[in-house]
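Since the structure comes first, as structure tokens, the remarks are kept for the end.
Below, chains carry the letters A, B, ... as their sequence lines are ordered, and counting in each starts from 1. These numbers were taken from a predicted model, which means no experiment stands behind them.
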Amino acid sequence: MNMPHAACKLLTVICEAGLENDLLRDLERLGATGYTITDARGRGARGVRNAAWSESANIRVEVLCSEPTAEAIVQRLKQRYYANYAMVLFMADVAVLRVEKF
Amino acid sequence: MNMPHAACKLLTVICEAGLENDLLRDLERLGATGYTITDARGRGARGVRNAAWSESANIRVEVLCSEPTAEAIVQRLKQRYYANYAMVLFMADVAVLRVEKF
Amino acid sequence: MNMPHAACKLLTVICEAGLENDLLRDLERLGATGYTITDARGRGARGVRNAAWSESANIRVEVLCSEPTAEAIVQRLKQRYYANYAMVLFMADVAVLRVEKF
Amino acid sequence: MPFEPVILFFLLGLVAGIARSDLKIPGVLYESLSIFLLLAIGLKGGVELARHSVVALLPQAAMVVLTAALIPLLAFPLLRRLGGFARADAASIAAHYGSVSVVTFAVAAAWLAGRGIEAEGHLIVFLVLLEFPALVIGVLLARGIGADTPWGRVLHEVFAGKSIVLLVGGLVIGWVAGPEGIQPLDRLFIDLFKGMLAFFLLEMGLVAAGRLGDLRRAGPFLAGFAIAMPLAAGVLGTLTGTLLGLSVGGATLLGTLYASASYIAAPAAMRIAVPEANPALSIGASLGVTFPFNLLAGIPVYHWLAGTFNGWLK
Amino acid sequence: MPFEPVILFFLLGLVAGIARSDLKIPGVLYESLSIFLLLAIGLKGGVELARHSVVALLPQAAMVVLTAALIPLLAFPLLRRLGGFARADAASIAAHYGSVSVVTFAVAAAWLAGRGIEAEGHLIVFLVLLEFPALVIGVLLARGIGADTPWGRVLHEVFAGKSIVLLVGGLVIGWVAGPEGIQPLDRLFIDLFKGMLAFFLLEMGLVAAGRLGDLRRAGPFLAGFAIAMPLAAGVLGTLTGTLLGLSVGGATLLGTLYASASYIAAPAAMRIAVPEANPALSIGASLGVTFPFNLLAGIPVYHWLAGTFNGWLK
Amino acid sequence: MPFEPVILFFLLGLVAGIARSDLKIPGVLYESLSIFLLLAIGLKGGVELARHSVVALLPQAAMVVLTAALIPLLAFPLLRRLGGFARADAASIAAHYGSVSVVTFAVAAAWLAGRGIEAEGHLIVFLVLLEFPALVIGVLLARGIGADTPWGRVLHEVFAGKSIVLLVGGLVIGWVAGPEGIQPLDRLFIDLFKGMLAFFLLEMGLVAAGRLGDLRRAGPFLAGFAIAMPLAAGVLGTLTGTLLGLSVGGATLLGTLYASASYIAAPAAMRIAVPEANPALSIGASLGVTFPFNLLAGIPVYHWLAGTFNGWLK
Ligand SMILES: Nc1ncnc2c1ncn2[C@@H]1O[C@H](COP(=O)(O)O)[C@@H](O)[C@H]1O
Ligand SMILES: Nc1ncnc2c1ncn2[C@@H]1O[C@H](COP(=O)(O)O)[C@@H](O)[C@H]1O
Ligand SMILES: Nc1ncnc2c1ncn2[C@@H]1O[C@H](COP(=O)(O)O)[C@@H](O)[C@H]1O
Ligand code: NA
Ligand code: NA
Ligand code: NA
């Protein structure tokens, strides 16, 4: 690509909706400059979460950030939530405009 | 990355909402350990699907899985749905924590 | 992969919901053969957009397309919306079935 | 006024859709309203049923279902031979026209009520009975009785589909609870019915506006069919009703049921059972033409037919 | 009580929002309620209109629209010179204050009704007429009449925007169907209006709580403007109403309309037409300050003004 | 009929869920209905409160809260010793059963009203008071008073949780506005209450159907507990109510409150405060067994108990 695209990490976290407030506070503290949330449902090791009511709803949170920030977030989430909460996370490489934003 | 991140496939299927039950049964049978669904709308070869009512709604299904499982799912969906249903699928490489989960 | 998977770009645009009509018109004009939209909320440089009412809602638009089309879309969006609207975009490489579709 | 005021909401939605207004009825509101309408109609039918002997209705119900089965059997060859449609498409469209539209029925009932014309309450039972036979006929027309049809899933789709579950569920609740048991729910299910119907029609107008393009693409034969078919079915329905001894109002409602085309139960079932059929054709015809036609012109026609037939037989 | 009880729901929402409660009104419910309120107000206005000669209203309507146009023309230089706002921001805020808030109007109508004070029904027609001129003025203030303004899209955004479509659509339906045609819908649109308004105000409180931060950032000038402007506009409105011969109740409502600031039609239109304006400023002022101010303090003030002016002129 | 007709909607949802119908109540409708029900109950309680001296209620309220605290303190050792549950799970389940179910209360009130049995209006105040003490007790049982419990966040979760905010908010609004202030809202909050409850129960049936699997996995002890515990708590509640001088209807409602298990406030709070507890256990028991048990069998039992105790004491 001949544009000033810069590499950046896209971290996606899927977890139970009740964690939203806590999770966002963590993200902010660890240096994420933003996030995007969509409402989701799904199935995983902790069973079906079909979003029929708020207790069984998931959220899908995306964070564009640098690799160190992504690593810090992953460590924090792993330590704080992984044992007791429905949560899955994955990371991908993406190209962004204006990398200084993230 | 110096963490035990493992490579994994992220398969994304976008299709008409009415296929949800059948599709999930297929995923389970083919060995997917989980999935995440978000409600979507869109446009493609089969026209606009604006989610104004349930017949015109799409779903967006994400499956984290190994490459062989991903291949098996792609083959199955291609053979079973591609001819007659609005459906698009794409696959990406992602890094996950705890690859044994998927 | 031993299947006829072809490489393709996945462009994701996250922006304020009020841009939907204009954005879709741009996509069509620039040669995108389709798109997928999910409703979203988030936070970024322009503050919190929590989707509590329509003025503060985001959309998340995905476009599968060739690299030149993706570049053209990025240029257009950058020039037309980036200065005045809440908008973030990123691009990833994905594998698709039937690349001629996109 | 020549037509029911609630139809104006449909027209408002249609105009807003054509003018590309940013007015959108959230999909969830649409779903909620359709659950409300189906349940309310079921409840009303159940309360009516509690007043009747179910056994006494059986012969009449059998006749209604049998003659209605003629509709898809007539539509299919017409679409296949004259229209040149593929087998799957012809069968799917036939199924849509053989089944019924709950909202069209509700508008016809409101139209009659607005004129003070009485109608038998147990027509709602016929509404429920007419929902599904045409769907099974449609699948048979598309596939034959061959072994490769996933009948288990098709029948599950039909009988566990939300419209049957809500209509039959409401019917049973209304029947078990009876008029006094349901009475505290009347504030919601009876008093608000017409307002909710108006809201729903607004959304139907918006959806129908989005279907006009499909229809243009399908060509004039289908548009013509979508007007001729309900008229023919309306004649059959009002005649059947009159012969079965229904009042003019009741025969009007039966004519409307026969003339109406499904767009809730049928699309969902056909998509699973006959996936090679193009849904743009069946939904374009039923929602883009037949639904507005019945609302604006059909219902008065069926009423006039019912009156005429009733005159002949008296 | 000194104020309308429904305002308590706004306060509950505000408190819940400030206390960071997990109470959230789903966005879809908000959308559905706003569709309901706009349509209900339109219908009510249409039924009123059916009782009047439209032609007789024309001169009064022209005067109302003309004097209301003074509001943005006054607000703009104030914001520009005294407030030091950028041209686009000043124009956008001026447009918000020139347009009207349907919910503030509804609360004022409820407040009057709760005190048994009569008001002319055709005020709703003025509500509809006052929605959009200020939006056009705002765009002109921001851009001039230059060729680079996408007027086609701007006008489409204004006239095909959901608030105009629903208000005008309701007006036309109410007018065509007349009181008897609408009457079966009253159970929904009239009886439930105030309850729905309460629900909507709960959500508005939550939204307004989220806007207080924007406002703090914008500084004290804008907060002051957001209280002084409605007071000035309220004087203009009650005076205009009194001079046009409206009752005290009618003049109170007109004063409330002038004093209220839009947060449905204006933000959507300004975002498209004047994108370089910062929406946090205009929405922070109109929703974070002016809306609660009018609810809690403004309406009684406009009523007192209307009474005073009426006394002078009698 | 032996039971309240609205329960039929719960059964319909249960059957549809078990039959894997495609009927889905949109999550947003569920949220909207629960906001409606909580607010409506709060308002009703507030209007009742406006008729009483709050001070006079205090001693009764203290007794009600104190004896209800026995429920989690009894449930915890039972689950721990006899059931062999982990500490966190036992504490979380105990908290669910110590707290109350607003919908069970509403069905019991409808059941009494359907039989013309009077009950004290201020029971709603007890409903609000009983929501949260058990949640605090549950956290204490799980953690002790150790320093590592995030009490700030736990208490915020409890008191800023939507059920407390809406119940208390409604209570305060009803109390401040009084019967006449609230009266224009009655069309929505009173007249539609039972219909909305029916709708909500339909959804609860669907949700409960999805929980039966969890329960099967948890084994027979928990299922037995989920029936024995409400019966024991029902005895405690009806006895307390009778000793406090409540009418038979009032004691029935208090018994129902004690017997009911929370599935709105408790799951949310426990998830934050005791995350290592498995929510499938507590929700499976409270929603999959206790909720239907109370609806179908419990309420008549508590009424019979209340009648018997009342007979003894007279
Ligand atoms: N293999 C998977 N692919 C995609 N999403 C998954 C997968 N496993 C789990 N999830 C999502 O992550 C949520 C929590 O997963 P778990 O903690 O495994 O129950 C599930 O409800 C799904 O939405
Ligand atoms: N080029 C594309 N980019 C993103 N999404 C697409 C694209 N093409 C199709 N889709 C999505 O896939 C659905 C089905 O596509 P189709 O089968 O092509 O009609 C559409 O409704 C869109 O949501
Ligand atoms: N770092 C980020 N990661 C993920 N999404 C973001 C990020 N920054 C912004 N967004 C999304 O893009 C929208 C607009 O961003 P902005 O223009 O920076 O306000 C936000 O409301 C978020 O939904
Ligand atoms: Na038919
Ligand atoms: Na104004
Ligand atoms: Na309890």
B:Leu27, part contacting chain A, at a heavy-atom distance under 4.5 Å:
neither
Just do the side chain to side chain contact (heavy atoms under 4.5 Å, CB included) check on B:Val94 and A:Met91 with the steps written out, would you?
CA-CA 5 Å; B:Val94 296; A:Met91 209 187 287; over 6 Å; no
Going from OG1 on B:Thr36 to CZ on A:Phe90, what distance comes out if it is rounded to the nearest 0.5 angstrom?
7.5 Å
Neighbours of chain A found in residues 38-55 of chain B - heavy atoms under 4.5 Å
B:Thr38, B:Asp39
Evaluate A:Leu89 against B:Val96 for side chain to side chain contact (heavy atoms under 4.5 Å, CB included), listing each step before the verdict.
CA-CA 6 Å; A:Leu89 40 81; B:Val96 291; over 6 Å; no
Among residues 13-25 of chain B, which residues come closer than 4.5 Å to chain A, judged by heavy atom distances?
B:Glu20
